[in-house]
Every structure is written in C-alpha cells, then in structure tokens.
Amino acid sequence: MHHGARRTLTLLARRYQTQSLTKTSRRWNSTFNKREWSTPLARTLANAINVTGPIPIAAFMRQVLTSPDGGYYTTRAETGEVFGQKGDFITSPEISQVFGELVAIWTITEWLAQGRKRSGVQLIEVGPGKGTLMDDMLRAFRNFKTFTSSIEAIYLVEASPTLRELQRKVLCGDAAMEETDIGHKSTCKYFDAPVVWVEDIRLLPHEEDRTPFIYAHEFFDALPIHAFESIPPSPENEPQQPREIMTPTGPAKLHQPLKAANTPQWRELMVTLNPKAVEENQEGEPEFQLTLAKASNPSSLVIPEISERYRALKSQPGSTVEISPEGRIYSADFARRIGGSSQPPRAAPRKTRQGKSQTPTPPVKREPSGAALIMDYGPLSTIPVNSLRGISNHRKVPPLSSPGQVDVSADVDFTSLAEAAIEASEGVEVHGPVEQGDFLQVMGIAERMQQLLRGVQDEERRKTLESAWQRLVEKGGGGMGKLYKFMAIIPENGGKRRPVGFGGSVVW
Ligand code: SAH
C-alpha cells in the first residue's frame, strides 16, 4: 500500500477512535458523574436525556413543577414560601381579600341567573395554592345562606401534598384529613360541607345533575406545553435530514436518509444538554438548552394538527406555536361537567381486555348548569410563542435553570381552551377573555374597596389597601389589570344571556 494512503488510513482510524470515544457513555459519564449539578433534579433530568435523548418541554415542565422528588410545587413549598411577599411570586388572591370576594359575587350572579339550584352545587378549584382564593370566597358565600346550603362538596385539585396540607389548615382548621379512594378528605370550617382533594381532575367522578362552579387561578400557566417550529420543505432542509433516529429500543442508524419532505413540516423544540456546560465544564454555561428536533416525532406529527389555527401557520416556515394538550384536557373536562358530554352515554361500562372496567363516559346532562372561571395571563386571541419563563424571588430567571427551584410557566392560550371546551360539549358557551381590570371594575371593586377604607383609621393600613386595589386593576406598564384575563364557560343559552363581567347584567 502506498505510504500516503496508509498514513491517511491511520489518521482516519485514529479520528474514528476519538470520535467514537466522545460518543461512548464512558467518557460522557465520567464528566457527568463528577459534575456538580445545580439541583438534584438537574442530575435526574440529565440522566434521562442521556439515556432517552432530548425530551419535550412538556416533560421537563412536568418534572420541574410536580415531580415528587424535588419538583417546585411539590417540594419547594416545604422549604420556602412559594407565593406571597416572602415567596417567589405574588398572585391576585394574595394581594387582597377583595379579589376572592368579587369572584364569589360573580358565582352568586351565575347561580341566580341559572334558577338558584337548591342542591347539588359543587365548588371545584384547580391549583388552589395557599387556599386563599377559596377561603375568601367561602367567607363571602356565608352571606348567601340559600347558596351555602345548596353546596354539596368542595373539591380541590392539587398535585402538591405540602400545599394540600396548607389548604387543609386554611379551609378546615382543626378538622383532620383522611385518605379516600380518590384522594383525601376533611370538613369545611365555615359550614357543613366535605372538602375533597384529588391530584388530577379526571379522578373526580362526573355525577349526574350536579351544578359545578369551577375556578382556575394561575393554574393553566403551570400546565406543560409543547413548542413547535415550521421548517421549510426540501431542498433547504435536506442537509438537516437525520442519519440516526430514535426507535423503541434506542438510536438506530439510517442506511438511507429519510425521504425529504416537499411541504413545510413541524419540528418540536426539545430540551437538550448543553455540551459547553456538561462536556467542557465551562463556567456560567446553562446545563440545559432548547434545540429544534432534527426529525419529526409523534408529537410534532399529531399535536399541531388538532386545530385549524395551527394548521394555517404550518405553511409559513419559521412560524412557532406553543400548545398545551393538558390545558385542553382540563378545559374539555370543565365543559363536560357544565354542559354534559357531546357523546351519548354507553349502555354499560365496557370491559377492557384485562377485564377492568373502563371509566364510563360522562353522562349527557339533562340541563346544563354551573360555570367555570379561568383566570390567568396570556394573549387575548393569538397563539403564545416563546413564552416559557422562569421566576425566582420575584425576578425573571432562565426557565431551564436550577430545575425544581424555579417556577416555570407559559402564557395561556385562551382561544385554544375555548376551542377545547366547545368541542367537548354542545351544552356550553364561552365568554371572554376580558382583562382583569375591566372584570374587577364591573364586579364593583371600587365600591367594595371604598367600603373597606371607610372603616380604616390607620394610615399604613389605608395605604396598603389602596395600593392593593391599584395593583389589581392597573393597566399601564405591564400592570396586572391588563396582563391577566378572565374567561368564562357557562351553560349554552343561545346567546340570550351574557355573564356579568362579560357584557351581561345581573338577572334575578
Ligand atoms: N391559585 C393559586 C396558586 C397558583 S400556583 C394562586 O393563584 O395563588 C399553581 C397551583 O397549581 C399550585 O397549587 C400547584 O401546586 C398546582 N399545580 C400545578 N401543576 C399542577 C398539576 N399538573 N396538577 C395539579 N395541580 C397543579
């Protein structure tokens, strides 16, 4: 063999060796294991990514927020305050009791307009945090005796055991908590009604002829999202065609490149490890980063196809969308509880192949009743983009940093939630979103605040009340009055009646 050729071969062999070495888990793991990760959850997530490959933002969010081993809501609440002045962020119900009182008044206006149901009323709150909103509402409800006597139960959907205990203290006082088939249970301290906790709304039975009033304050922004970007058709994207794909048993080499697409395609934005931090140990480099997937995956093929709003954007390469399938599941569930299911009920629950009973389809309601109020931040009608954010100690921080110690959230896509509600039940209509400032003004925040202020002599207390009022309704400079929106799901009534705060007036 020619000397030059031999040298080239040796060089190639050596390069191949070093290249494959960089890919073997041994080298990767040595840095990996010695590395000081920002949090224990960072190590767990990095291990998962190392083994299974990049993970969707949704999987990352799920773990950092509600993992029993170091999730933000599940464990940070144990060590530090999450909400409030001392915590990482402050929410409207924590700013003033008036917020909860006005939401209670709104509930009463719906109950009145729907014919004052004397029984079967359920109060359901998803993600109750410290329990402040429900507590302020319950105190306000005590002024409406016929309403409180119609309340059958209070249901709280809460993933965090620590916050569940905090909520029990606030709402049930000394009453003990016991375990049940679906979660936990105690008794309300204000009037005789059970308080029931479940971890997921799907655990709450759909009972016939109930009137559920459902509240979600800053809950939907904590639900996991997927993000996608539309990429142009070939030939532009041809160099990006992957040589390796993930199969059920691990990565596999492609002998032929995947057939290039001739139309734009969605690619999912994935959480990956940053080699500069993890391999090269460079100071100040983030451990995790977002990378566009090189190939389609099941999520990118299915999720952005669920709505015309996303489909319309696919043909414009460079478009990005954020979608929360879980948000849609919750909104659809609310709608079915209020308006009944759009599908006729099955005669009897079917048996699965394993012989287990399937969850029966929720019943078609004879008469839709109840309402849901979704209170959160997000654009009025556009699809959220690039909205993943991290908050720690009232400051914005990179959302992928210090997993489990940073609150991670994303803008709520109200239109997507409205769409899911209407698709799920023919018995509902959706109103809004309207801006928080407008909703609270219509509900009478000025009158209520003035009433409170009249009894206050102390100058400090006066100032606190006035600034809380201001904060809740202020619209300028990114104020909460504009940033936060309210959206209502109510029984379908052929457009004859609008709810109060959404253009309607009080109906007796
Ligand atoms: N509503 C409260 C708390 C908002 S923070 C307020 O506005 O002050 C979000 C709440 O939802 C917390 O109680 C958190 O533990 C809960 N939560 C977050 N993700 C959840 C999930 N996937 N399932 C159930 N609860 C969740």
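Counting convention: from 1, in listed order, for ligands and their atoms alike. What you see is a predicted model, and the numbers here were worked out from it, not measured in a lab.
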Query raised in the report: Would one find an N or O of Glu94, backbone or side chain, under 3.5 Å from an N or O of ligand 1?
Result: no

Query raised in the report: If we ignore angles and hydrogens, is there a donor and acceptor under 3.5 Å between the side chains of Arg328 and Ser416?
Result: yes

Query raised in the report: Distance from Ser150 atom OG to Gln122 atom CD, nearest 0.5 Å?
Result: 11.0 Å

Query raised in the report: Do you see a donor-acceptor pair shorter than 3.5 Å between the side chains of Asp135 and Thr132?
Result: no

Query raised in the report: Do Tyr330 and ligand 1 have an N or O pair less than 3.5 Å apart?
Result: no

Query raised in the report: Can you tell me if Leu223 has a non-hydrogen atom under 4.0 Å from ligand 1?
Result: yes

Report summary line: The atoms of ligand 1 lying under 4.0 Å from a heavy atom of Gly129, numbered in the order shown, are 2 (C), 3 (C), 13 (O)

Query - Atom indices of ligand 1 within 4.0 angstrom of Leu163 heavy atoms, with elements - result: 12 (C), 13 (O), 15 (O)

Query raised in the report: Taking atom types as modelled, is there a side-chain donor on Gln167 or Arg164 under 3.5 Å from an acceptor on the other?
Result: no

Requested in this report: Check Arg62 against ligand 1 and report side chain, backbone, both or neither, counting heavy atoms closer than 4.0 Å.
Outcome: side chain

**Report entry** Geometric N/O contact Glu158 with ligand 1, under 3.5 angstrom
**Finding:** yes

Report task. Using a strict cut-off of 4.0 Å, indicate which atoms of ligand 1 neighbour a heavy atom of Glu218. Result -> 4 (C), 5 (S), 7 (O), 9 (C)

Query - Thr91 N/O under 3.5 Å from ligand 1 N/O - result: yes

Report task. May I ask you to check whether Val126 has an N/O atom sitting below 3.5 Å from an N/O atom of ligand 1? Result -> no

Query raised in the report: Can you tell which part of Thr66 has a heavy atom less than 4.0 Å from ligand 1: side chain, backbone, both or neither?
Result: side chain

Report summary line: Within 4.0 Å of some non-hydrogen atom of Glu199, the atoms of ligand 1 are 23 (N), 24 (C)

Requested in this report: Compute the minimum heavy-atom distance from Lys130 to ligand 1 and say whether it is under 4.0 Å.
Outcome: no

Query raised in the report: Between OG1 of Thr91 and CE of Met375, what distance do you get to the nearest 0.5 Å?
Result: 10.5 Å

Requested in this report: Return yes when atom NZ of Lys185 has more than 12 non-hydrogen atoms of other residues, nucleotides or ligands closer than 6.0 Å, and no otherwise.
Outcome: no

Query - Approximate separation, where rounding is to 0.5 Å, of Trp197 CH2 and Ser160 OG - result: 12.5 Å

Query raised in the report: Does Thr132 approach ligand 1 within less than 4.0 angstrom via side chain, backbone, both or neither, non-hydrogen atoms only?
Result: neither

Report task. Could you tell me whether some N/O pair between Ala159 and ligand 1 is separated by less than 3.5 angstrom? Result -> yes

Query raised in the report: OG of Ser409 to CG of Leu223: how many Å apart, nearest 0.5 Å?
Result: 11.0 Å

Query raised in the report: With a 3.5 Å cut-off and no angle check, do the side chains of Gln114 and Thr211 form a donor-acceptor pair?
Result: no

Requested in this report: Take atom CG of Asp174 as the centre, draw a 6.0 Å sphere, and report whether it contains more than 12 heavy atoms from other residues, nucleotides or ligands.
Outcome: no

Query raised in the report: Hey, is ligand 1 close enough to Gly127 that some N/O pair sits below 3.5 Å?
Result: yes

